[in-house]
Amino acid sequence: MQYIRGALDLEAELMELRQAIGAEKVSTIDQRPWREDSYTLHAPIRVTPTHEDDIVRLMLWASKHRLTITPQGGGTKDAMGEPHTPDVLLSMQHISGIVDYSPRDLTITVKAGTSIEQLQACLAEHGQYIPLDMPHAASSTIGGVFSANISGPRRAMYGSARDYLMAARVIYPDGRLLRVGAKVVKNVAGYDMNKLFIGAMGTLGVLTELTIRTRPISISSGMVLATASIDQLKQLQKLLIDSQLEPSICEWLYGSFEQPIGITSQQPTVAIGFDDVSSAVQYQLEEAQRLCRACGIAEQRTSSDKTQVQTLYTVLGQLLPNAQQLEGRSLIVEMKLLSSIMDVSKVFEAVQSLAAAREIALQFAGGLYTGVSRVIFEASWEQQTEWIELISDVQRYMDSIQGYGIVECAPLSIRQKAAVWGQSGQNDELMKDIKRTIDPHHLLNAGRFIGGM
Amino acid sequence: MIDAPLDEKRKQQMIDALSRVVGKKSILYRYEDVMAYECDGYTIHKGLPAAVVFPSNTEEVAAIVSYLHQQQIPFIPRGAGTGLSGGATALNGEVIISLVRMNKLLHVDYDNRRAVVQPGYINLKLSNSIASKGYYYAPDPSSQATCTIGGNVGENAGGAHCLKYGVTTNHVLGLEVVLPNGQIRRFGGTLDTPGYDVLGLLTGSEGTLAIVTEITVRILKKPQEVSTVLALFDKVTDASQAASDIIACGIIPAALEMMDAMAIHGVESGNYPVGYPKDLAAVLIIEVDGIAAGLQEQIEEIMQVCKNHHVREVRKAKDAAERARWWANRKTAFGAMGTISPDYLVQDGVIPRSKLPEVLERIGQISKQYGLRIANVFHAGDGNLHPLILFDSRVEGETERAVEAGSAVLKACADAGGSITGEHGVGVEKMEDMRFIFNDIEIEAQMQLRDVFNPNSLCNPHKMFPKPARCVEMKRLSREVPAVNI
Amino acid sequence: MVKTSNLSSFLWEDAPDENKFSECVHCGMCLEACPTYQETGLEHHSPRGRVYLIKSAAEGKLQLNNYFKEPIDSCLACRACETACPSGVQVGALIEETRGQLYHATPAKGAGRVVQKLFLRDIFPSPKRMQLLGKMTRLYQKSGLQRSARKLKLLRVLPAHLQEMEAALPKLKTSPLLGRGGELYSAYGEKRATVAMITGCVMDVVYSDVNEATLNVLRRNGCDVWIPKAQKCCGALHLHAGDREQAKQLAKHNIDVFLSNEVDAIIINAAGCGSTLKEYDELLKNDVRYAERSHLFAEKTKDVSEFLVDLGLIAPKGKLDMKVTYHDACHLAHAQGIRQAPREILEMIPGLVVEAMPDSDRCCGSAGIYNITQPEMASQLLDRKMNDIPSGCDAVAMGNPGCMMQFQVGVVKHHRSEQIVHTIQLLNDAYEREDSDGGMPT
């Protein structure tokens, strides 16, 4: 498969762009074939702006010539969404840096291409952090995390991207630069436009700057890991949900986590973590152990070593694959499964049996306080047709429990055949109207989002 | 859209048609009967609705809206009418769709920590009805004893405890709505449903995008323990520095409230006095909750911070009754202003909390400049100010002065890098003030979005956006509609 | 400069006070406290809405017609809104003043007028006629006439709610206290206070046993009790109906009577009367001759429960093995702010188990003559109230005869078995039990 248009066909247009933003920010790759086993995004033109203004000009240029653009942060989410073939890959990596940080206000303003590593390091100097599990910190960018609505196990206590974004600067496809939200923790002036761009996969505008709430790093942390049967886990979940414990994470884990957290049993394991002052962490660890025992769960390990617990958090947060690191490996498909809290166990059982029937290995992490689960299937490339069936079976199951199954990461060949975003819904038309209003010529991330938007 | 009041004949036709939907007993249209619907909690702008309809289920809402849409008659959803920005006021004789009779708690699902309510269900009733199982609903606007959850969704209501727990949008899991064309739609259900976050967009859209007919909210387990501290200060700056330092030292209290001398004077003259000393400059109410074992540590730290800022007296509530008294006093602060002034205008600006001292000083100057008393009651923890501008509408020109002073306060908040409203909404009150924080392009972008849902602006028209922005609207019209030569 | 309105629709004396309605800032905190708003969801049937209508009429935006009258009439005057109101708007007084205006602007017609005149002008103001009415009722019950009337279904000609009331009418056991014996009763044991007692009209005719209990309890607590024979109806019902003129006449008469002797307190055991008596100064505020004395009268007036707790109740030793719940009469809880005293009295009775009633301070629908004038709403409220009575109670205690009658109707209508009692009756029972047990604690 080739690019629809090669860079060579666009030489005249490219001249114009080079003049507008500087030749050094524009590079081209011509006629590079798309590989079906690829997890990464490619385009004939790559633009690396250094300033917001460059993006405005790029947008004006692209809308004039009706060229499609896909913004990219660290590229860790390249394999998410419907397959699409943009003309321009807009790299945000040089739109980077801390704009303003006010530790007393617990808010930080950063440019969209800032890496998670840089951001957290800056916050850590003041004993703060952003409690979203943002994996692959060295390469993923804050703009990417919010555009893809990344969340991890700490969502149980801290919520997700939509609970943290206070304000942003966005560039619309027609070159309009907008400020949305306000740089304060509470704001209801006008529509809550922030929400539109979270998880929108960059289909509505290019986020260039984000103002985010931060939190103080908790004084103490601890975790209980308990291996149990499914029935025991179900019982435990009920007890936990009805208790006054305030876990920061509560995940149901299954699969090959052996090395990082030492789970060896083939039974699922529940990880219950707490962040608080030490006396409260200690109390909660003991309570969690008591609840485990009440469910007949004998095998437990507890750690209140903060560094060790932080490592566990990181490991669990790293579950999402990095598209940049998958090339040449075995076939990996990651799905995000959304259900009610109490259905997580059912989801697990269904997914496990669907995979087992096809002899496909899986890793599973289900949020017992959130209903957000992730499953990673791994197998050889030979089983491609079974893969499509597996995905649609999982989606059909999720549908039957009023849930959703979204393919968050898969190679091109799989995404070409599977319904990445699940079945189309009653609201697709309205979503398309929103897209049309903001991006009438479908220039941004064309075809990548639900319903082929 | 019909912007002028309906003529008698069309009005009668409409009343007949709507009566067929809801029954004759569920529609009001006589002058005397609709008079009380002239305004909500914001009383400066008023307007008589053409009629008030009371649907009792989603289908009736859809039928009413379909009819009005077909007839191009504008309409406004209304809850309890406790809004503080005039969002439910029929400025141009719109039809009010009152949702107070859709007031049922439909379902509580403790296992999944959620509850399904109709829009007219009262906020506090939800917490009360799940309290016996140890659960509650977190957003707690001061009017929670009377305001409806549907209204809370419309305004994205906050409350004293949203510092730790977030505002309404952080607790809405799903919505059923009737779009302005009469279609019934559902959003949410699970977290992160595929597609754009329409749920987030609808929450706080002030009834300009759709009418909410069913809400699924998150319910929380009551914290194991709650501990409340009262700190009395002789200087406002000390109190606001202390508030800022408490957050800065890593504690996120459940609530952190402040009142200044004038506000204290008001609440102490009201129906729920605490008995604050008369010469007090400011009071802070600081509440922490969570695991009992950890609270003492936090309380001690909070007390220490207060002592560092020359607190006159700081103490912990000795029991639930004392805490309840402090809160009743604080939560009735707005209404209590009636005892010291015949009218008040409450503002709702938000600022970065580190700027509290300087903005409070600026508000003091504004008070002097306009010759009006201003009482400050606010959520210090999240920088959400509620300056209460006291005036007497019977005095010639004082209303106008109050409105101007209010605008000046909002300008000060905007200049400090904040927002013009944190939880009360824009409504009719702050339409013009939107310009303090948004430019024409940004306002136009929001109006474009409104048009996706509400293309003829039938649903709650003439709200939220500044009037001159209509010239943007006109420009857009002229772009779309070919010019006609006359 | 303050703009004065010449356009007001209130043309008669005692117009609603501008200072009272301008205190309302339209916050809406009162809405859910209002029983009629809870039932209807209608803004103009809420306290905020009513105050807004009154204000609009004062500004000349509304005429005093029947459409205006309807929401004013539907008010129970329970004053639950006054408890909820942050700035203490006196909604009850505003409603009474407005009813005063409506009394002139929209006089009752036809049968309504006859009934109003008969009861408010002729019967209630005259203790003699009230006593006569009581005698006739006792005769009706004792002679078998009641039985025959019920048997012959003669009562079907009455509207449903009056039938219900007839069915629930308690057996009138004793004759009114006011009509018999002397005026002076001395304290049992050591004297601690001298009090005057207001017997109330309904209380004395329908519940004279409550008055007896009250007298007994006061004497046991060391009070010399004076029951002036010249006393008349307090005027509460007249005020509710807007007949302010008659109410003022009665108020002045009672002030003259009760202040003719030096007493420590003027005791009332009916909450509805109590709140009116305590507001004589408000009623007579424009009457310079009575300004001072009406104030003194209001200050001396005490509800019996409030008085006893302040005085220091002598704990009863007799045991009552009962489970009871307590209903807050609106005019005790909301109008007089008395919630704790009756509960303290109940707590002091040995053996008595008191279980809380949910929303105990929501109006039962009695509200003076509301259950006669607004039967539909009254009956809805009564049904809700009955559902709120905790299961397994032997009795429901309260401090107002109107509520007692309404509860009595509810008990009959819902086929329930609870006794309806005045708080003081339980206390008196405990004292009597103490006597019969020979003063020995059980």
Side-chain angles (χ1 to χ4, degrees), chain B residues 28 30-43 52 54 78 80-84 96 98-103 120 122 124-125 128 142-143 145-147 266-267 269-272 328-329 331-344 346 388 392-397, chain C residues 1-5 18-34 37-57 59 61-72 81-90 334 337 358-359:
Chain B
L28 302 174
R30 272 197 312 251
Y31 174 72
E32 289 83 357
D33 291 345
V34 298
M35 175 59 84
Y37 290 87
E38 220 182 16
C39 57
D40 57 13
Y42 171 75
T43 56
V52 185
F54 298 86
R78 187 184 196 268
T82 56
L84 291 165
I96 285 180
S98 169
L99 296 148
V100 293
R101 290 191 186 163
M102 289 174 67
N103 58 355
I122 306 296
L124 187 61
K125 279 194 182 169
N128 287 346
S142 293
S143 56
T146 44
C147 63
V267 290
S269 321
N271 222 352
Y272 296 90
N329 172 281
K331 289 205 168 189
T332 54
F334 293 1
M337 293 304 141
T339 56
I340 58 169
S341 170
D343 298 279
Y344 73 84
V346 55
L388 296 143
D392 186 342
S393 59
R394 296 165 301 180
V395 177
E396 197 95 50
Chain C
M1 207 189 76
V2 174
K3 291 177 262 181
T4 46
S5 173
E18 183 181 336
N19 291 326
K20 287 201 197 95
F21 56 72
S22 70
E23 274 192 348
C24 173
V25 289
H26 222 252
C27 68
M29 295 288 218
C30 54
L31 295 175
E32 280 296 315
C34 175
Y37 179 80
Q38 284 179 13
E39 290 295 318
T40 63
L42 297 171
E43 179 78 27
H44 55 309
H45 287 260
S46 77
R48 177 174 73 170
R50 291 183 179 112
V51 171
Y52 196 76
L53 296 186
I54 292 168
K55 187 173 172 221
S56 300
E59 289 166 358
K61 282 157 69 183
L62 286 178
Q63 299 305 308
L64 304 194
N65 56 23
N66 281 325
Y67 298 135
F68 172 77
K69 187 170 185 281
E70 190 189 302
I72 303 295
C81 48
E82 294 190 6
T83 301
C85 178
S87 63
V89 175
Q90 297 170 44
H334 300 301
D359 289 334

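Protein chains get the first letters and strands the later ones, always in sequence-line order, with residue 1 at the start of each. The structure displayed is predicted, hence computed values, not measured ones.
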field: Intermediate values then yes/no, salt bridge (charged side-chain N to carboxylate O under 4.0 Å, His left out), C:K61 and B:E38
entry: CA-CA 12 Å; C:K61 282 157 69 183; B:E38 220 182 16; 3.2 Å; yes

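Ranked by non-hydrogen atom pairs under 4.5 Å with chain C, the options B:V267, B:V100, B:V346 are led by B:V100. The choice from B:L28, B:V52, B:D343 that makes the most heavy-atom pairs within less than 4.5 Å of chain C is B:L28. No other option in C:Y52, C:F21, C:F68 has as many heavy-atom pairs under 4.5 Å with chain B as C:Y52. Between chain C and the options B:S269, B:G81, B:S143, the largest number of non-hydrogen pairs under 4.5 Å is found for B:G81.
Only the side chain of C:L53 comes within contact range of chain B, with heavy atoms under 4.5 Å apart. Interface residue B:F54: only side-chain heavy atoms are found under 4.5 Å from chain C. When heavy atoms are compared at a cutoff of 4.5 Å, B:C39 approaches chain C by way of both its backbone and its side chain. Of the atoms belonging to B:A80, heavy atoms from both backbone and side chain fall under 4.5 Å from chain C. Contacts between C:E82 and chain B at a heavy-atom distance below 4.5 Å involve the backbone alone (N, CA, C, O). With a 4.5 Å cut-off on non-hydrogen atoms, B:L84 does not touch chain C at all. Only the side chain of B:T43 has a heavy atom closer than 4.5 Å to any heavy atom of chain C. Residue contact with chain B, scored on non-hydrogen atoms closer than 4.5 Å, is absent for C:R50. For C:Y37, the part lying near chain B is the side chain, with the backbone staying farther off; criterion is any non-hydrogen pair under 4.5 Å. Using a 4.5 Å cut-off between heavy atoms, C:S46 makes no contact with chain B at all.
A 4.5 Å side-chain heavy-atom check between C:L42 and B:R101 finds at least one atom pair inside the cut-off. Residues B:E32 and C:H44 are not in side-chain contact: their nearest non-hydrogen atoms beyond the backbone lie 4.5 Å or more apart. B:Y344 places a side-chain heavy atom less than 4.5 Å from the side chain of C:V25.
In terms of heavy-atom proximity, C:C27 sits nearest to B:G335 at SG-CA, 4.3 Å. Here the closest non-hydrogen pair linking C:R48 and B:G41 is NH1-N, 4.2 Å. Smallest separation of non-hydrogen atoms from C:H26 and B:D40: ND1-O, 2.7 Å. Heavy-atom minimum distance, C:P86 versus B:A336: CB-N, 3.4 Å. Residue C:M29 comes nearest to B:K331 through the heavy atom pair CE-O, 3.2 Å, listed as atom of the first residue, atom of the second, then distance.
The backbone N or O of C:S87 lies less than 3.5 Å from no partner atom in the side chain of B:N271, so there is not a single donor-acceptor pair.
Put simply, CD on C:E43 and CD1 on B:I96 are 9.5 Å apart, with the number rounded to the nearest 0.5 Å. Rounding to the nearest 0.5 angstrom, the gap separating the OG atom in C:S56 from the OH atom in B:Y31 is 7.0 Å. To the nearest 0.5 Å, atom CZ of residue B:R30 and atom OH of residue C:Y67 are 4.0 Å apart.
Among residues two or more places apart in sequence or in another chain, the ring pair (Phe, Tyr, Trp, His ring centres under 6.0 Å) test is passed with B:Y37 by none. With sequence neighbours excluded, the residues that form a salt bridge (Lys or Arg N to Asp or Glu O under 4.0 Å) with C:E32 are B:K125.
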